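Naming: A, B, ... by sequence-line order, numbering from 1 per chain. The shown structure was predicted, so the numbers you read here are calculated from the model rather than taken from an experiment.
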Amino acid sequence: MVRWQKKAVAAVAAVALAAALAACSSSGGKQKEQSSGGSGSGVANTPRMKVALITHSGPGDTFWDIVRRGADAAAKKDNIDLQYSADPDGAAQANLVQTAIDSKVDGIAVTLNKPDAVIPNVKKAIAAGIPVTVLNGGLDQWKSSGAIGYFGQDERIAGQATGEKLKELGAKKVLCVIHEQGNVSLEARCQGIKDKFGNVENVNVNGTDQPGTQATLTSKLQQDKAVDYVVALNAGIALTAVQAAKDAGSGAKIGSFDMSKEMAKAIQSGSVQFAVDQQPYLQGYLAVDALWLYKNNGDTIGGGQATLTGPAFIDKANIAAVLKYAEAGTR
Amino acid sequence: MASTITSPAPGDDRVSARSIGARLLSRPEIGSLVGAAVILVFFLIAAPPFRDVNNTGTILYQAALIGVMAVPVSLLMIGGEFDLSAGVAVTTSGLTAGIFAYQFSLNVWVGVLVALVLSLAIGAFNGWLLMRTGLPSFLVSLGTFFILQGLNIAVTRLTSGAVASNSISDMDGFGAAHAVFASEFKLGGVTIKIIIVWWIVFVAIAAWVLLKTQIGNWIFAVGGDAAAARAVGVPVKKVKIGLFMAVGFFAWFTGMQLLFVQNGVVQSGEGVGKEFLFIIAAVVGGCLLTGGYGSVVGGAVGALIFGMVQLGVVYAGWNPDWFKAFLGAMLLLATIVNLVVKNRAEAR
């Protein structure tokens, strides 16, 4: 490269850097997110462990991103090499457990939302001397699988708590939006609401098709004017429901399960009334931390019983305390 | 072509024996074999657990889950059609066997047989409707896809009140059926699931049928040019309906594996999207989307590539966020290698 070319490159780089600095946003953006989030605690000096976190998540789901952040935080603190993998297909998730066994990990944290497919391999892992923790799903099956702990919420109880809450709020007819047809946990939530509230109608939408979901909900609210509360089962669907109610000219209020940054803002602004938080960060964190405690001190969190991470209600009364964590992507 | 001048061929080139190299290069699966070797070496270097021979069973199992269905899907593609209902048809078959045996309290094997009859009937229906209406197989099988997807969930809820079928694990015949469809054994430290053995058997039989029998010739003929095939007396209708029924048979087999490996329970929402994995395996393995060209062994190699990439990313401890992008790149690469190899072979 000749000298003037080098100079030109340096000049362009300097200008670009200056422009980038000058163009910094005073609010939001990646820098803020990075500086505000995260638990900056010390790091354990125990020998390095390898732990596999294996979920049934589809790709690109906010909820599982928060679970992962919790797991990552625990892994960082505990000097653990965390390997994350996921597959929504039961048999494929089971095979991922097998790959963890093959990789000779020191612990496995797994979701049991497809218990019949995954449990045989969980038992294999335990037989191979690898401790297993269960998170998010599998409340009825985790004990018999031989796992050392469970971290999640009881979906039916969470639904029932929501039913009570709706009664308290004076709702008359509730629409429960199932965004993944055939998902056992989602069915249990709606059933729980029905247990305590009664007048509940379920509606199926395709959770990965936002415009389609909005159209379905709009037409449903136009068709049935008696609906005065829509309960969505994840944050994204709830925000879509807000828009749908607006489009339909319906006065229906929105309640939701699960948190996100946008959900926190919606609760603050009053467009969503409440969210039932199962604290996914905590699920990921505890499931990994429990493996470390078990290996280094023989402890079991929950002492043989399930550790419930929810349901915790978030509404206008307590949103201020949660908002900054939601903005950092850990609530 | 660069030049039209060629040196005169010694003797009559129509009867001259082709070299082994040239014959090998003209096989449809050669591109995917090269690709599989490259991916194998790549992961042997990148992922330490990949080097452990004992883990071969896990990788082969992942491949077999797709590979068994890739056998008939490859044949069907060579025959010029494809089947979008193949993914949910697997779930339908598993559900049918489970629900039927449970609801009527019958021996598990009765449910298995009923599921076989139903799966073959679904295949026959696809083929019959295709031949009857002349619609593209895309449309016909898309319709069946939606019908089956809806029936899977609706019928399961009607009979069991939930979205999964009732467990049949404590019923008569479960043990034997489990042994046939979902057992496993040790082979020198490697755990081999029985479906891997079945997969190899199926690939061998299907490859023999395709390459050594009259039916195989018919399949190539109907996929290459159906009108010409009909003109020379190939029973086009029978061949195509038969191919769809073959998809039905393998969907039944994969469905039984699903049912018995999961303790006798099938989730009604599963299987959606799997049809594309079967088609991907066939295409990576050298089957042409337009029909008339391809191989069963290629489809198996395609499934193997898919399994290796899927688990290789996990074994290497990489962030699985990248998996789909990696898979897409592999897919493009494999198909381009196929194309190049095929063009060079044809130019000889």
Exercise. Considering non-hydrogen atoms only, spot the tightest contact between G317(B) and Q83(A) and give its length.
Key: CA-NE2, 3.8 Å
Quiz prompt | Smallest separation among heavy atoms of P120(A) and V261(B), with atom names | solution = CG-O, 4.4 Å
Exercise. Indicate yes or no for a side-chain donor-acceptor contact from E270(B) to the backbone of G90(A) under 3.5 Å, with no hydrogens or angles considered.
Key: yes
Practice problem: Please round to the nearest 0.5 Å and tell me the distance separating atom CD1 of I101(A) and atom OG1 of T58(B). | Solution: 8.0 Å
Exercise. Could you tell me which portion of I119(A) (side chain, backbone, both or neither) has an atom closer than 4.5 angstrom to a non-hydrogen atom of chain B?
Key: neither
Exercise. Supply the atom-to-atom distance K124(A) NZ to T191(B) OG1, rounded to the nearest 0.5 angstrom.
Key: 6.0 Å
Quiz item: Do L96(A) and L311(B) touch side chain to side chain, with heavy atoms closer than 4.5 Å?
Solution: yes
Self-check item: Name of the residue among N54(B), N55(B), I59(B) meeting side-chain contact (heavy atoms from CB on, under 4.5 Å) with D102(A)
Solution: N55(B)
Quiz item: At a heavy-atom separation under 4.5 Å, does D52(B) approach chain A through its side chain, its backbone, both, or neither?
Solution: side chain
Quiz item: Of the non-hydrogen atoms in Q262(B) and A117(A), which two are nearest, and what is the gap between them?
Solution: CD-CB, 3.6 Å
Quiz item: What part of K114(A) gets closer than 4.5 Å to chain B, counting heavy atoms only: side chain, backbone, both or neither?
Solution: both
Exercise. Measure distances from Q310(B) to the heavy atoms of chain A and classify the residue's part below 4.5 Å as side chain, backbone, both or neither.
Key: side chain
Self-check item: CZ on F50(B) to OG on S103(A), rounded to 0.5 Å
Solution: 11.0 Å
Quiz item: For N113(A), is it the side chain, the backbone, both, or neither that has a heavy atom closer than 4.5 Å to a heavy atom of chain B?
Solution: backbone
Exercise. Would you give the length of the straight line joining atom OG1 of T99(A) to atom CD of Q62(B), rounded to the nearest 0.5 angstrom?
Key: 8.5 Å
Quiz item: Could you give the distance from CD (E187(A)) to CZ (R157(B)), rounded to the nearest 0.5 Å?
Solution: 4.0 Å
Self-check item: Enclosure of W198(B) CH2 (heavy-atom neighbours >12, cutoff 6.0 Å)
Solution: no
Self-check item: Residues, nucleotides or ligands: over 12 heavy atoms within 6.0 Å of F185(B) CZ
Solution: yes
Quiz prompt | D87(A) versus chain B, the contacting section by heavy-atom distance below 4.5 Å | solution = side chain
Exercise. Please indicate whether F63(A) has more than 12 foreign heavy atoms, meaning atoms of other residues, nucleotides or ligands, lying under 6.0 Å from its CZ.
Key: yes
